J.: 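Shown below is the structure under consideration.
Just so it is clear, the model here is predicted, and its values are computed rather than measured. Naming: A, B, ... by sequence-line order, numbering from 1 per chain.
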Amino acid sequence: MEKGLISVDRWTEGSQVYFLTHLHSDHTHGLSSSWAKGPLFCSRLTAKLFGFKFPDFNLSLIRILDIGSWHSLSLVSPSIGSQTTVQVMAIDAHHCPGAVMLLFRGEFGCLLYTGDFRWEATSERANRGRDMLCNAIKDEAVDIVYLDNTYCNPSYTFPTRQIAAQQVVDIIVSHPEHDVIIGIDTLGKEDLLLHISRVLQIKIWVWPERLQTMHLLGFHDNFTTNTSLTRVRAVPRYSFSTETLEGLNTMRPTIGIMPSGLPWVKHLQRDDNLFDSLLTRYNRRKMSTNGEVRTDQPDGKSRYVEKLHEYIYSVPYSDHSSFLEIEDFVKIVQPTNLKGIVSASTCYIEPMYYFGCLCGANQPAQRLHYKHKRKGRGRVAAGQTKSSFGSGNSAKYERKRGSIVKIKFLGGHVSRVTALRRMQHGAKILENESPENSC
DNA sequence: GCGATCAGCT
DNA sequence: CACAGCTGATCGC
């Protein structure tokens with residue numbers, strides 16, 4: 001972030017200290033078990049989970065940032081060459097377990113790197129985070145905010161996670177005879193699963209590595225790897241598709257629930273009515289947010305639950321801030337400058353375009369900045385499906401996709417590289433059989 | 001033979 | 001539009 005001094009979620013050479021906001025893969029590109037470019041600072045919980053993702057990492061490089069307190073680092077000024085002090089505070093980002101924002105003070109001024117964050121208006125936890133941040137910046141202007149701009153567009157509106165979690169419960173309750181699969185990642189959405197588990201008084205199935213993570217996080221009673229104990233299973237998001245659901249439904253009635261701030265559109269088979277309805281929905285959103293921002297729904301009704309497919313529901317459970325939440329955050333921090341840290345979109349718009357008028361220096365809104373992503377292939381028309389999986393052959397299909405839940409981790413016919421990766425994964429599990437020992 | 005990186009896909 | 005991440009192929013050591 002500051003050249004020659006500190007890096008946040010970037011792992012190339014040239015900094016004196018490195019910071020990791022959270023353990024999602026898009027923030028650890030370049031990190032590996034053999035990485036050794038300098039001390040690595042992260043939250044206590046991230047440190048606890050770290051060894052699971054990077055088994056042979058030199059743990060003596062890891063420095064823990066306790067949340068809410070200033071840490072002083074003595075570094076060498078890249079400009080003058082003399083000693084310079086950098087202060088840093090980690091603040092709960094409410095994104096996934098261990099995720100923090102980082103507030104820096106030093107010769108470069110005052111910088112706030114949000115990492116990925118959710119800024120909900122309500123909940124005790126949200127209020128604590130808000131108070132902590134306000135307290136930390138009350139005496140000093142923030143010069144630059146590096147902002148999680150994932151949903152930095154007025155069309156992104158969704159309710160609190162509390163409300164979305166109840167929507168998921170409602171869907172499950174309304175399908176008493178169905179199995180349920182929920183798409184999740186290697187980290188995140190634990191509160192959603194805990195809510196389901198507690199309200200419905202059932203365990204949630206997770207895959208073996210995910211159970212280890214749950215144990216590291218201190219959840220020992222709500223999860224299981226035994227499919228016979230529950231009808232609700234959390235499965236890797238990458239294995240969640242219409243094909244998966246159709247395959248499962250040849251065996252048992254099953255619905256899929258995709259919790260996401262993004263409308264879950266991809267991987268649907270061609271269905272003109274469906275795409276028409278999706279198109280209508282997007283147009284409606286755009287129109288309703290043209291000029292006047294539509295507020296998130298306070299009533300908590302299933303307004304944004306979408307039935308996308310015979311077996312699939314999309315629920316607006318997001319670990320990133322909605323547009324209105326980002327706006328609220330910028331209003332509170334009032335930085336002099338604002339930079340987006342997520343630029344993967346094909347149509348990236350500088351957050352300053354929306355929030356320039358809220359920033360400290362009251363600069364004019366900047367012009368739209370489009371960043372075009374090069375793609376090797378042209379865009380595939382909506383509804384055009386790939387044929388490589390041969391969706392007509394259900395027997396073959398079941399081997400390949402349908403029974404991911406059961407066979408995915410039991411080996412089978414895999415390449416050497418994959419087998420090795422799985423063995424390494426297995427080794428990790430063994431190492432972590434006593435979660436209390438880590439860190 | 002291994003890790004790092006990339007393309008492709010979910 | 002593209003949240004985060006797996007997989008297989010290839011490349012360089």
J.: Rounded to whole Å, please give me the gap between CZ in Phe240(A) and P in dT10(B).
T.: 14 Å
J.: Would you kindly give the CD1-to-P distance between Ile181(A) and dT10(B), to the nearest whole Å?
T.: 15 Å
J.: Just to verify, what does Arg198(A) make a salt bridge (Lys or Arg N to Asp or Glu O under 4.0 Å) with, not counting sequence neighbours?
T.: none
J.: dT10(B) P sits how many Å from Glu246(A) CD, rounded?
T.: 14 Å
J.: Test of understanding: with side chain to side chain contact (heavy atoms under 4.5 Å, CB included), list the residues that count as partners of Arg125(A), not counting sequence neighbours.
T.: Asp92(A), His94(A), Ser123(A), Arg128(A), Asp191(A)
J.: Is Ser34(A) near enough to dC2(B) that one of its side-chain N or O atoms lies under 4.0 angstrom from OP1 or OP2?
T.: no
J.: Counting only side-chain N and O atoms of His24(A), is one of them less than 4.0 Å from OP1 or OP2 of dA4(C)?
T.: yes
J.: Output yes when at least one side-chain N/O atom of Thr186(A) is less than 4.0 Å from OP1 or OP2 of dG5(C), else no.
T.: yes
J.: Choosing from dA4(C), dT10(B), dC3(C), which nucleotide comes nearest the side chain of Asp26(A)?
T.: dA4(C)
J.: Can the ring centroids of Tyr313(A) and His175(A) be said to lie less than 6.0 angstrom from one another?
T.: yes
J.: Compare side-chain N and O positions of His320(A) against OP1 and OP2 of dA4(C) and report whether any pair is under 4.0 Å apart.
T.: yes
J.: Roughly, in whole Å, what's the span from CH2 in Trp207(A) to P in dC6(C)?
T.: 9 Å
J.: Determine the interplanar angle of the Phe19(A) and Phe104(A) rings, folded into 0 to 90°, and report it as parallel if under 30°, tilted if 30 to 60°, perpendicular if over 60°.
T.: perpendicular
J.: Classify Asp116(A) by what it touches in the nucleic acid, base, sugar-phosphate, or nothing, heavy-atom distance under 4.0 Å.
T.: sugar-phosphate
J.: Does the ring centre of His320(A) sit less than 6.0 Å away from the ring centre of Tyr151(A)?
T.: yes
J.: What is the distance, to the nearest angstrom, from the OH atom on Tyr156(A) to the P atom on dC1(C)?
T.: 10 Å
J.: Would you kindly give the CG-to-P distance between Leu31(A) and dA4(B), to the nearest whole Å?
T.: 11 Å
J.: Distance check: side-chain N/O of Ser32(A) vs OP1/OP2 of dA4(B), anything under 4.0 Å?
T.: yes
J.: Whole-Å distance between dC3(C) C1' and Asn149(A) CG?
T.: 13 Å
J.: Ignoring hydrogens and angles, answer whether the base of dC3(C) and the side-chain atoms of Thr150(A) contain a donor-acceptor pair closer than 3.5 Å.
T.: no
J.: Roughly, in whole Å, what's the span from NZ in Lys189(A) to P in dA4(C)?
T.: 8 Å
J.: How would you label the contact of His95(A) with the nucleic acid (heavy atoms, under 4.0 Å): base, sugar-phosphate, or nothing?
T.: sugar-phosphate
